[in-house]
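Whatever order the structure lists ligands and atoms in, that order sets their numbers, starting from 1.
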Amino acid sequence: MTVNILFSAQRSLWDAYKDALPKALNAQGIAAQISTAMPPDQTDYIVYAPNPSLTDFAPFVRTKAVLSLWAGVETIVGNASLTQPLCRMVDEGLELGMTEWVVGHVMRHHLGMDRHIHGLNGRWDQTTPPLARDRQVTVLGLGMLGGAAAKALASLGFNVTGWSRSPKEIKGITCLHGADGLKHALQQAKICVLLLPNTSATENTLRIETLAIMPRGAVILNPGRGVLIDDDALLAALETGQISHATLDAFRIEPLPKNHVFWRHPNITVTPHIAAETRPKSASQVIASNIKRSEYGQPLLHLVDRNAGY
Ligand code: NAP
């Protein structure tokens with residue numbers, strides 16, 4: 001049996017996947033026809049990244065699943081025409097990339113590297129940073145990416161608190177949840193990493209009231225989504241010193257407009273949504289093994305909860 005796969009994404013992504021995807025399917029023993037122009041009524045699976053050529057999923061009457069190339073699915077999860085199961089990307093490459101970004105930027109602030117990179121101007125200032133075990137780091141979101149980053153930070157000795165929607169137990173991490181949990185998590189957040197999805201419940205997680213709970217001079221790292229932070233509240237908190245620095249990888253508008261204040265703010269570091277990227281080789285393996293599961297009557301992995309929005 002041959003499955004028909006529509007690859008619906010930007011042209012550059014097809015270039016990246018056109019060899020990796022057939023190879024991964026072949027390795028799983030799946031015979032497949034893959035096309036960027038498969039007719040809807042012949043399409044068994046859609047490998048998808050948001051693009052203007054496919055926004056109406058209604059004609060895909062025999063499609064068994066839409067397999068997202070991205071981990072964040074906020075631009076598709078609310079699409080009323082999408083009645084087929086939606087799977088998000090859970091890829092080892094994404095996880096490793098995000099962990100490296102988070103650890104690198106936590107270390108920058110933990111060690112106070114900027115002082116030495118910008119230079120001490122001849123001052124023999126031997127101020128030493130605390131050990132990691134004496135630094136409290138909070139990770140908001142303990143899913144695939146937040147969980148991996150939290151564990152990596154804990155393995156370096158950091159005192160890690162994490163926060164999620166449902167209760168969790170992760171060895172070496174203080175896990176909190178719910179509204180009360182957020183308050184406690186933020187009280188510990190000398191460095192706060194945001195790895196929540198973009199949903200109606202997570203918008204403005206950091207706003208005037210919640211920023212005020214954090215220890216004075218806290219650092220924010222946001223590789224999650226721009227909407228997680230109220231931008232004006234962040235700017236005000238940077239102004240008063242309540243927050244000493246924010247390193248932002250995700251923004252409400254992307255690309256971040258050239259004239260945006262974040263680009264020139266002395267206490268904001270902008271990284272242009274490069275914290276983690278789906279890697280074609282490992283992502284193709286994830287897609288192929290999910291298609292195999294579906295073809296063999298096993299439940300799909302990484303299904304999006306349409307009510308929760310992630
Ligand atoms: P995930 O596995 O779905 O994990 C999401 C985490 O957020 C879970 O722990 C979840 O709690 C928690 N959460 C969701 N809603 C919440 C709420 N209302 N209150 C408290 N906790 C809540 O997602 P992921 O794969 O780790 O990815 C996280 C986000 O990273 C993505 O959604 C995307 O926005 C972003 N991302 C960014 C980049 C980049 O390059 N910057 C790359 C990939 C992804 P439960 O565990 O209880 O469900």
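If you check which protein heavy atom lies closest to atom 12 (C) of ligand 1, you get Leu196 CD2, 3.9 Å. Scanning the protein heavy atoms around atom 48 (O) of ligand 1, the nearest turns out to be Tyr310 OH, 2.5 Å. Among protein heavy atoms, the minimum distance from atom 8 (C) of ligand 1 is reached at Gly143 N, 3.6 Å. Atom 35 (C) of ligand 1 has Gly224 O, 3.6 Å as its closest protein atom, hydrogens excluded (heavy atom only). Considering only non-hydrogen protein atoms, atom 37 (C) of ligand 1 sits nearest to Pro223 O, 3.1 Å. From the protein, the heavy atom lying nearest to atom 21 (N) of ligand 1 is Arg165 N, 3.0 Å.
When each atom of ligand 1 is checked for a heavy atom of Ala201 under 4.0 Å away, the hits are 18 (N). The Gly141 neighbourhood of ligand 1 comprises atoms 6 (C), 7 (O), 9 (O), with distances under 4.0 Å to a heavy atom of that residue. Interface of Leu195 with ligand 1, defined as ligand atoms under 4.0 Å from a residue heavy atom, comprises 28 (C), 30 (O).
Ligand 1 has no N or O atom lying under 3.5 Å from any N or O atom of Glu74, backbone or side chain. Residue contacts with ligand 1: Ile274 is placed with no nitrogen or oxygen under 3.5 Å of a nitrogen or oxygen of the ligand (distance criterion only). For Trp163, no nitrogen or oxygen atom sits less than 3.5 Å from a nitrogen or oxygen atom of ligand 1, counting backbone and side chain alike. In terms of N/O distances under 3.5 Å, ligand 1 is not approached by Leu94. Checked by distance only, ligand 1 and Asp249 come closer than 3.5 Å through their nitrogen or oxygen atoms. Considering backbone and side-chain atoms alike, Leu145 places an N or O below 3.5 Å from some N or O of ligand 1.
For the ligand labelled ligand 1, residue Met98 lies inside the 4.0 Å heavy-atom shell. Within the structure, the closest approach of Lys168 to ligand 1 falls below 4.0 Å when heavy atoms are considered. Under a 4.0 angstrom heavy-atom cut-off, Ala276 registers as being in contact with ligand 1. Arg88 counts as a contact of ligand 1, since one of its heavy atoms falls under 4.0 Å from the ligand. Distances shorter than 4.0 angstrom do not occur between any heavy atom of Thr199 and any atom of ligand 1.
Residue contacts with ligand 1 for Pro197 involve both N, CA, C or O and side-chain atoms from C-beta outward (heavy atoms, distance under 4.0 Å). With a 4.0 Å heavy-atom cut-off, ligand 1 is reached by the backbone of Met144 and by its side chain too.
Taking the ring centroids of Phe251 and His260, they lie at or beyond the 6.0 Å cut-off. Taking the ring centroids of Phe60 and Tyr45, they lie at or beyond the 6.0 Å cut-off.
Here Arg252 pairs with Glu203 in a salt bridge; the nearest charged N to carboxylate O distance falls below 4.0 Å. A salt bridge is absent between Asp19 and Lys23; no separation between the charged side-chain nitrogens and carboxylate oxygens falls under 4.0 Å. Lys64 has a carboxylate O that lies under 4.0 Å from a charged side-chain N of Glu295, or vice versa, which qualifies the two as a salt bridge. Salt-bridge formation is detected for the pair Arg62/Asp44: a Lys NZ or Arg NE/NH1/NH2 atom is positioned less than 4.0 Å from an Asp or Glu carboxylate oxygen. Note on Asp91 versus Arg279: no salt bridge recorded, every NZ/NE/NH1/NH2 to OD/OE distance being 4.0 Å or above.
Using a 4.5 Å cut-off on side-chain heavy atoms (C-beta onward), Trp14 and Ile34 make contact. Side-chain contact check for Leu195 versus Val193: some heavy-atom pair is nearer than 4.5 Å.
Side-chain N or O atoms of His110 include one that pairs as donor or acceptor with a backbone N or O of Pro130 at under 3.5 Å.
Ring planes of His109 and His245: tilted class, angle from 30 to 60°.
Separating the CD1 atom in Ile208 from the CD atom in Gln242 is a distance of 12.0 Å, to the nearest 0.5 Å.
Partner of Leu186 under the side chain to side chain contact (heavy atoms under 4.5 Å, CB included) criterion, out of Leu211, Thr161, Leu206: Leu206 alone.
Of the candidates Arg225, Met89, His273, the one placing a heavy atom closest to atom 33 (C) of ligand 1 is Arg225.
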